[in-house]
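As structure tokens, the structure follows; a few thoughts come after it.
Numbered from 1 within each chain, the chains take letters A, B, ... in sequence-line order. Fair warning: this is a prediction, and the values are worked out from it, not measured in the lab.
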Amino acid sequence: MTKIILIIFFLLIPILESCDGGLAPPPESDKAFLNGTIRFVNGKDNWPVKDSVIAIRAAAFKKMPDQDIILSILNGDAYFTGESLPLFVDSVNFNFEIKDAPIELVYIVAVQQYSADILSQRVIGVYTLSGNKNQASSIMIENGKEYNITIDVDFNDLPPMPF
Amino acid sequence: MSKFLVYILIMLISTISLFAKQSFTGKVIDISDKRELPGVAVRIENTQFGAFTNNKGIFIIKNLPDNLNRANIIISLIGYETLKSEVDLSNDNNKEFSLKVQPLQTSEVVVSANKKVQAIQDVPISVAVIDKRVLIDRGITRLDDALEYVPGVEVNQDNASIRGSSGFSFGVGSRVSLLIDGFPMVAGDNGDIKFDALPIYNIDRIEVIKGAGSALWGTGAIGGIINLMIEEPTEVGVFKHRTFTGFYTKPRYEQWEFTENLQFNSGVNLSYGQKINALSVVASGSFYSDQGYRDYDNSLRYNLFSKVAYEFNSDTKLKLLFNGALEDRADWVYWNSLDSATLPPTGTNRNIRIDSYKYSGFGEFSHSFDYNNYALIKFGIFNTKYNNSFEVNSEEYRQSDATSYYIDLQGVSNFDIYNRKINLTYGLTQNYVDVKSFTYGNRNQHIVAAYAQAEYSLPNVFTLTLGSRLDREITKGIESNIEFSPKVGINIPLKDHFNLRASFGRGFRVASVAERYSAIILQGFEVVPNLELEPESSWSAEIGTNLQYELFNSIGEIDFSIFHNELENLIEPSFASDATARIQFQNVTKARIQGIELGLKTFLFNTFGIESSLTLMNPIDLSTNKTLNYRSEVLWYSRLILPYKFVEFQADFRYKSRVDNIDIQLGLLVNDSDARVDAKVVDLRLIFDLKEFTDSSLKFGLIANNIFDYYYTEMVGNLARTRLLTLQISGEL
């Protein structure tokens with residue numbers, strides 16, 4: 001009898017330990033998404049020279065960046081597309097899953113990396129409802145909802161940097 | 001140098017042993033059914049003398065000096081309890097030795113701790129051993145899978161870590177030394193372990209030495225050493241075979257299903273080994289195909305291996321090893337997100353493959369001058385090549401071709417001082433690395449070293465080990481580094497089968513070519529070279545006990561140790577100091593790892609075996625006072641064996657606590673990098689041993705890895721292997 005109890009004990013510990021299943025994808029009902037389109041004014045013909053465009057990313061900030069775009073991202077203050085979006089195109093779509101909704105995204109931008117140094121970033125397009133590039137618009141993101149926005153980029157008329 | 005080698009070779013071959021000689025013979029049988037046991041290793045402790053039993057269980061150890069009256073012999077065979085016995089060479093000749101069946105191995109024999117044959121409880125440091133029976137039963141095909149069950153060891157994807165020595169760096173700069181039969185097998189460019197390129201099917205046992213070990217093994221042995229001991233053929237020719245096929249079950253979550261089809265994992269191993277007079281040969285071929293449990297994560301692997309040994313006479317032997325491995329695999333790096341954990345990031349080019357080739361050839365020429373003095377020359381070459389299938393002008397193209405040349409001249413002498421035995425091991429070694437690489441440029445690295453270790457033994461009182469090694473890196477263009485690595489160890493037999501041990505030693509690792517010369521652009525980050533990198537180093541201290549007991553008809557072993565490791569100048573990828581986003585490998589981290597380890601093995605009531613080990617660690621980064629990146633603080637492994645007639649039920653449980661801290665830069669690149677949980681994995685096996693019903697050894701195995709389909713990340717953004725169900729047939733003819 002002792003043997004059986006010991007065997008069962010040794011088998012039960014791992015079974016009980018493992019039965020919580022571990023990681024799981026987040027439930028659909030809790031997810032919030034920000035979908036966007038970046039439109040390049042005058043299409044792919046208006047892009048700058050190839051050497052000066054290393055990457056294009058979209059970034060959505062929870063608070064205004066006060067010194068550096070990348071440092072804000074490193075501090076976890078922004079959602080961003082890690083890899084570059086397609087280059088030299090007329091328009092491109094992006095998509096973020098917003099994991100800490102409800103939250104207000106105060107500054108949503110398209111960013112160009114212009115050299116191999118990842119700190120070499122400049123804002124090339126701002127999400128704005130007014131059409132005024134100096135007035136960025138914010139969005140309140142709620143759980144279970146999906147939001148669609150558009151950002152226009154004119155390489156000949158770039159918006160101001162936020163700092 | 002080459003003239004010196006030729007001189008040594010001529011000297012060894014031409015030496016004539018003038019001392020009178022005797023032989024010692026005996027027979028080894030199974031204690032229960034008195035069956036004669038073939039293939040049993042019988043070795044004289046602390047020497048190179050030994051023999052294997054023939055198919056009648058008889059062994060003959062030749063050429064022992066006439067004036068040798070007594071010696072300790074160690075008799076071992078997998079599946080049996082190891083026997084250590086002092087014999088009188090004249091009176092005990094033709095003696096019969098009986099071995100007891102032991103389904104759970106205790107009292108193993110190791111050679112890696114001090115470069116000689118020793119019983120595990122007699123060494124001054126912690127050692128873990130995995131034998132080939134366990135490897136086959138578990139269906140192991142890669143070394144990293146085998147290491148996941150070793151007490152105190154964790155595998156962070158491409159990095160093996162002994163007691164928290166390593167984090168995660170895509171394998172670059174391994175802080176654990178890997179050896180095959182004592183030959184180094186770390187790649188010359190990345191300084192990494194090629195887990196897929198090893199002759200797993202021909203391994204007799206894996207020895208894992210824990211703690212800094214550079215006093216004997218040189219650069220890389222910061223956390224410890226893993227030595228793969230290749231099996232020795234016997235006079236009875238043995239043809240071994242293994243075939244397996246399995247499939248990954250569908251994931252529980254619809255989001256993670258990436259195909260309608262079952263994904264298979266299959267393979268075949270064939271091997272033949274025999275000793276014919278003076279010549280012994282082992283040769284094998286292996287093929288593995290894994291379709292993967294994730295999309296774009298499939299691989300094909302091929303491996304050829306042979307080991308040839310020739311005895312010119314009983315004093316002079318030559319051993320040669322050849323190993324070749326090819327792998328073609330997808331370039332999976334990390335997931336798209338937790339929501340699509342079985343998919344690579346959106347936009348990944350799925351046509352890109354990584355092809356790698358690994359070839360190695362090693363030789364060992366050994367000669368006994370007399371019973372107390374022998375010397376050996378080890379030499380070898382290890383070549384690794386890889387490239388991905390991007391165009392050469394692509395920014396993401398990677399290619400490297402690295403060759404390591406290795407030579408070691410070693411002598412061993414036994415002598416008495418005031419009637420006390422001294423065993424002295426000493427040698428000279430050099431390692432030259434030649435790298436021709438698109439990624440790192442054309443580089444080389446050159447290290448020369450001298451080492452000596454003395455073991456002073458007062459039988460039944462203590463054995464004291466003192467050793468040191470001096471390494472010098474003389475790489476062109478790099479400031480010369482000199483590293484001094486001392487070591488002290490003591491083993492005290494307090495009672496029969498109850499030993500106390502203590503050790504203190506240093507380890508170091510010279511920066512690899514990849515860490516020094518990497519110049520690549522990856523995902524917008526620029527990695528720049530750092531020619532100023534200094535070697536990283538560690539000091540390890542340990543106190544431990546080992547108790548072997550027999551209680552209520554149950555054999556068991558308890559091992560306990562307390563360890564303390566100080567690590568300095570750890571080489572980590574970091575942002576360069578000029579406030580740009582350039583990444584450079586730098587000497588940045590100073591760390592302390594303290595912990596305890598408790599291991600238990602027992603075969604209770606002669607009915608079932610239990611093996612369990614618990615490692616508790618506190619790995620602290622002293623520069624930030626936080627837990628070191630990629631380290632777990634708790635490791636717990638357990639194993640249950642329940643044999644019943646011809647069926648054996650086996651269960652493994654593996655627990656690894658959540659990794660608290662990771663590189664912030666990696667967190668930037670990988671979606672859901674915070675999706676990390678404790679690992680709690682159960683494997684179950686049913687092994688049917690059909691030996692009783694057939695003329696030869698034949699086993700069927702039903703293997704369920706991760707039976708509860710527990711989901712966890714082995715590394716950031718990497719879902720670990722999901723449930724895999726396998727049927728395996730293995731045997732010997």
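- Distance check, rounded to the nearest 0.5 Å: OH of A:Tyr79 to CG of B:Asn671 gives 11.0 Å.
- Contact annotation for B:Ala675: both backbone and side-chain heavy atoms come within less than 4.5 Å of a heavy atom of chain A.
- Contacts of B:Thr713 with chain A are made by both backbone and side-chain atoms, with heavy-atom separations under 4.5 Å.
- A:Ala24 and B:Leu338 make their closest contact through O-CD2, 3.4 Å (heavy atoms, listed as atom of the first residue, atom of the second, distance).
- Across A:Gly22 and B:Tyr710, no two heavy atoms sit closer than the pair N-CE1, 3.3 Å.
- Contact between A:Leu23 and B:Tyr253 at its shortest, heavy atoms only, is O-CE1, 3.8 Å.
- Proximity to chain A is limited to the backbone of B:Asp709, based on heavy atoms less than 4.5 angstrom apart.
- Heavy atoms of other residues, nucleotides or ligands lying less than 6.0 angstrom from CZ of B:Arg252 number more than 12.
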